[in-house]
Structure formats: structure tokens, C-alpha cells
Undergrad: 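Structure incoming, see below.
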2 protein chains.
Amino acid sequence: MQTDHLTATFSALADPTRRAILARLAAGEATVTELAEPFSISLPAISRHLKVLEAAGLISRGRDAQWRPCRIETGQLEAVEGWVGRYRKLWQARFEKMDAYLAEIQKGNPDGPKQ
Amino acid sequence: MQTDHLTATFSALADPTRRAILARLAAGEATVTELAEPFSISLPAISRHLKVLEAAGLISRGRDAQWRPCRIETGQLEAVEGWVGRYRKLWQARFEKMDAYLAEIQKGNPDGPKQ
DNA sequence: CTCGTATTTAACGAGTGTGTTATTTAACGA
DNA sequence: TCGTTAAATAACACACTCGTTAAATACGAG
């Protein structure tokens with residue numbers, strides 16, 4: 001069991017079924033059977049996926065009679081955005097270079113800016 | 001071997017060693033031994049981590065004599081940001097609700113806004 | 001060609017993740 | 001209480017991941 005939150009979160013997101021579950025939950029709360037409906041895998045398998053998502057802090061579960069409604073939690077998604085945001089300047093710099101290149105070409109210099 | 005790009009990317013990011021390697025590469029290119037230096041694991045283990053990162057499209061590798069310089073690639077990081085960005089409105093809505101709540105409290109209504 | 005350095009591949013073991021079916025627990029309702 | 005429905009857990013199989021050490025490969029220098 002990994003204690004690192006970011007590791008648990010990325011690990012939980014590294015599964016198409018779990019990402020699809022999150023996408024469904026973005027539209028609103030749902031029960032386990034409702035979440036399982038689109039998939040061809042067994043209910044226990046879905047239950048385990050939900051356990052992983054809950055352990056990662058990506059969802060939380062309430063209780064309504066025998067139903068356990070699942071709700072998406074945004075905290076860890078924000079953490080992921082925060083993590084990837086630290087690299088944003090890398091591709092923004094690349095875009096700016098590309099912009100400069102295209103501007104140079106439009107000025108009639110088809111080889112791009114000189115070094 | 002999973003073909004889903006997002007799955008491969010999240011899976012590659014679900015490891016603290018690999019994230020640390022990416023952090024190092026954000027500062028510039030590095031060779032395998034340079035990347036291995038901060039870690040207490042063997043060089044073949046690092047080599048495998050780099051293979052995972054490369055397969056996920058998070059890095060690329062050149063060749064300079066017997067050195068294989070690694071370079072970070074931003075495409076998949078942008079893909080991650082794009083994916084998580086689809087959920088941004090969820091926590092922004094929550095923030096807005098919180099703002100409204102705080103504004104209501106400041107107006108002298110300590111129970112918050114009425115439904 | 002041979003040696004040294006950088007890196008990868010091979011082979012293996014321990015641990016983990018994901019699926020299954022069968023069973024169990026929890027809660028409602030007649 | 002009994003039966004039904006919702007969900008979780010148990011027990012098992014299979015594959016994958018991650019680490020190791022030992023051997024192989026790629027390249028440059030002498």
C-alpha cells in the first residue's frame with residue numbers, strides 16, 4: 001500500500017475503467033450498480049475499482065439504505081493539475097519559440113530565425 | 001503492453017522515481033548515469049524506468065557516442081492537463097459556492113445563504 | 001584489436017493489481 | 001421472519017511491475 005498521495009492518485013487514474021467511472025461521476029452521484037452498468041465486468045470488480053478510487057481520495061461514498069452513492073472529490077484532481085502545472089512553462093516556451101519561428105517565416109525568411 | 005496513451009502516461013507517472021527523473025529533466029537533458037546518481041537503486045532499474053517513460057512518450061532519447069541523453073517531452077503532460085482540465089469546473093463551482101457562502105457570512109448571516 | 005565506459009538485456013524472485021465465482025453482510029419490505 | 005436487492009469480502013488464478021545480479025552490446029580511445 002503506497003502512502004504517497006500523488007502516487008496513489010496517478011495509479012488510480014492509470015485505468016480506463018476508473019477514469020470512465022470518474023467521468024460518469026462528474027455528471028452527478030451514482031450507486032455502484034449504476035456505475036457498473038456500462039461495463040462488461042463483474043460487480044465485485046467495480047467494487048474494487050471504487051475502493052481504489054476512494055483510497056486515492058478521488059471519490060467519497062455515502063450511505064442511503066442499502067445503496068452506497070459515490071461522489072467525485074476534486075482535491076486530488078487539483079493536486080494533479082498542480083503537479084503538471086509545474087511543467088507548463090516547458091511547453092509554453094516551445095510554443096513561443098514556434099510562434100517566433102512562424103513570424104520569421106511570414107517576414108519572408110523561409111529558413112526561420114538565425115541562431 | 002497497454003496501447004491507451006493516457007493509461008500509459010498515468011501509469012508511468014504513478015512512480016516517485018520516474019516523477020523525480022522528470023523533475024530533473026525539466027532542468028535540461030541528462031544521461032542515464034547522471035539521472036541514476038541521486039537514487040540508491042541499480043542502473044538497470046533506472047534504465048527500465050526510462051524505458052517506461054519513453055514508451056509513455058514522456059521522454060525521448062538521443063545518441064551521443066555511448067551516451068543516451070534523455071530529454072523531457074511535453075506532449076503527454078499537455079494531454080494530462082487536458083484530461084484533468086475537463087474536471088476543473090467541478091472544483092471551480094465548489095469555490096464559487098464557498099465564495100458565496102463567505103460573502104453571506106460577511107453580510108451578517110452566520111448560517112450561510114438560504115436554499 | 002583490445003580495453004574501458006555507458007547502457008541495455010536476460011533471468012529470476014517477491015510483491016501487487018485485476019479479473020473471476022461463491023459467499024457473506026446490510027438494509028428494506030411483505 | 002422470510003425473501004429480495006445492494007454491495008462487500010473471500011479465495012483463487014494470471015499477468016504485470018520492480019528490484020536484483022550477471023552477461024551482453026555499443027562506442028571511442030589507444
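Side-chain atoms are counted along with the backbone in the values below, which use heavy atoms only and exclude waters and symmetry mates. Quick caveat, the model's predicted, so the values are computed rather than measured.
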Undergrad: Check the distance between D:dT5's P and A:Asp64's CG and give it to me in whole angstrom.
TA: 18 Å
Undergrad: Report the distance from atom CZ of B:Phe39 to atom P of D:dT20, rounded to the nearest whole Å.
TA: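 Those two atoms, CZ and P, are 13 Å apart.
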Undergrad: For B:Leu50 and C:dA6, give me the distance from atom CG to atom P, rounded to whole Å.
TA: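 Result: 15 Å.
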Undergrad: Below the 4.0 Å mark, does D:dC18 have OP1 or OP2 next to a side-chain nitrogen or oxygen of B:Arg18?
TA: yes
Undergrad: Can you tell me if the side-chain N/O atoms of B:Ser42 get under 4.0 Å from OP1 or OP2 in D:dG19?
TA: no
Undergrad: Would you kindly compare A:Arg68 and A:Asp15 by the position of their nearest DNA chain C nucleotide and give the one closer to the 5′ end?
TA: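 Residue closer to the 5' terminus by nearest nucleotide: A:Asp15.
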Undergrad: Strictly by Watson-Crick or wobble contacts shorter than 3.5 Å, is anything paired with C:dA27, and which nucleotide is it?
TA: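 Its partner is D:dT4.
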Undergrad: Which is true for B:Ile46 with a 4.0 Å heavy-atom rule: it touches a base, it touches only sugar-phosphate, or it touches nothing?
TA: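 No contact at all - B:Ile46 keeps every heavy atom at 4.0 Å or more from the nucleic acid.
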Undergrad: The side chain of A:Pro44 is closest to which nucleotide in this list: D:dA7, C:dT21, C:dT8?
TA: C:dT21
Undergrad: Mind calculating the distance between CG (B:Asp4) and P (C:dT18) to the nearest angstrom?
TA: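 In whole Å, C:dT18 P and B:Asp4 CG are 14 Å from each other.
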Undergrad: Would you say the side chains of B:Arg88 and A:Thr74 form a donor-acceptor pair under 3.5 Å?
TA: no
Undergrad: Could you tell me whether the phosphate oxygens of C:dT9, OP1 or OP2, come under 4.0 Å of any side-chain nitrogen or oxygen in B:Lys51?
TA: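 Looking at the OP1 and OP2 atoms of C:dT9, one of them is under 4.0 Å from a side-chain N or O of B:Lys51.
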Undergrad: Quick one: does B:Arg68's side chain have a donor or acceptor within less than 3.5 Å of a partner on B:Gly62's backbone?
TA: yes
Undergrad: Distance check: side-chain N/O of B:Arg63 vs OP1/OP2 of D:dC27, anything under 4.0 Å?
TA: yes
Undergrad: Starting at atom CD of B:Gln66, determine the distance to atom P of D:dC27, rounded to an integer number of angstrom.
TA: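 Rounded to whole Å, this separation is 9 Å.
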Undergrad: Check the phosphate of D:dT9 against A:Arg48, side-chain N and O only, distance under 4.0 Å to OP1 or OP2. Yes or no?
TA: no
Undergrad: From CG of B:Leu43 over to P of D:dA23, roughly how many Å is that when rounded to an integer?
TA: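 Whole-Å distance recorded here is 17 Å.
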Undergrad: Testing the basics here: between B:Leu25 and B:Cys70, what is the closest heavy-atom pair and its distance to 0.1 Å?
TA: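 Smallest interatomic distance, heavy atoms only, reads CD2-O, 3.4 Å.
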Undergrad: Can you check whether B:Ile72's main-chain N or O pairs, donor with acceptor, with A:Tyr87's side chain at less than 3.5 Å?
TA: no
Undergrad: Does A:Thr31 reach a base, just sugar-phosphate, or nothing at all? Heavy atoms under 4.0 Å.
TA: sugar-phosphate
Undergrad: When the distance from CD1 of B:Ile41 to C1' of C:dA14 is rounded to whole Å, what number comes out?
TA: 16 Å
Undergrad: Strictly distance-based, threshold 3.5 Å: is any side-chain N or O of A:Thr9 a donor or acceptor partner for the main-chain N or O of A:His5?
TA: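 Answer holds: yes.
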Undergrad: Any sub-3.5 Å donor-acceptor pair from B:Arg18's side-chain atoms to B:His49's backbone N or O?
TA: no
Undergrad: Tell me whether the side-chain N/O atoms of B:Thr17 come closer than 4.0 Å to OP1 or OP2 in D:dC18.
TA: no
Undergrad: If only side-chain N and O atoms of B:His49 are considered, is one of them under 4.0 Å from the OP1 or OP2 phosphate oxygen of D:dG19?
TA: yes
Undergrad: By nearest atom, which of the nucleotides D:dT20, C:dT7, C:dG19 is closest to the A:Ala45 side chain?
TA: C:dG19
Undergrad: Rounded to the nearest angstrom, tell me the gap between atom CH2 in B:Trp67 and atom P in D:dG28.
TA: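 Computing the B:Trp67:CH2 to D:dG28:P distance gives 9 Å.
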